[in-house]
Amino acid sequence: MTEKSPELLPLGTAVKIKDDDSLYIIISRGFQKNDGQLLAGYAGVPHPYGEGSKYKKMTIATKDILEVVHLGYEDDLDKDFAQS
């Protein structure tokens, strides 16, 4: 397990968040750069359920991520996206 990074997390990353015992998988993300700092937000679904009638996608702010449990898939396209 690793601590969260200030960089944009890749899709498929598993995270623990504040005030919630569940594990969430990042399924979408958005970001902007402001004075050299990265401001990111994510949408996640609870592991192992995903999104469904009982479980909904939720917004996850970077500041609410306590721990990165598993880093998702990342390739050159992903790295280029995060640089834009």
Should [X] and [Y] be regarded as members of a common hydrophobic cluster, given that ILVMFWY residues are connected when their side-chain heavy atoms come within less than 4.5 Å of each other, either directly or indirectly?
X: I25; Y: V68; answer: no
X: M58; Y: Y42; answer: yes
X: F31; Y: L9; answer: yes
X: L11; Y: I17; answer: yes

TODO: Using the salt bridge (Lys or Arg N to Asp or Glu O under 4.0 Å) rule, collect all pairs that involve residues 43-58, keeping only residues at least two apart or in two chains.
DONE: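 For residues 43-58, and leaving out neighbouring residues, there are no salt bridge (Lys or Arg N to Asp or Glu O under 4.0 Å) pairs at all.
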Task: Derivation of the side-chain contact (heavy atoms from CB on, under 4.5 Å) call for V69 and K16 - done: CA-CA 7 Å; V69 177; K16 290 185 180 180; 3.9 Å; yes
Task: Electrostatic pair D78-R29, nearest N-O below 4.0 angstrom - done: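 A salt bridge links D78 with R29.
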Open item on the list: So P10 and L71, do their side chains get closer than 4.5 Å, heavy atoms only?
Closed with: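 Yes, their side chains come closer than 4.5 Å.
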Open item on the list: Is any side-chain heavy atom of T13 closer than 4.5 Å to one of H70?
Closed with: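 Not touching, per the 4.5 Å side-chain cut-off.
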TODO: To the nearest 0.5 angstrom, please state how far the OH atom of Y24 sits from the CD1 atom of I60.
DONE: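 If we round to the nearest 0.5 Å, Y24:OH and I60:CD1 are 7.0 Å apart.
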Open item on the list: Quick one, V15 with I26, criterion side-chain contact (heavy atoms from CB on, under 4.5 Å). Give me CA distance, side-chain angles, the key distance, then yes/no.
Closed with: CA-CA 8 Å; V15 296; I26 293 174; 4.2 Å; yes
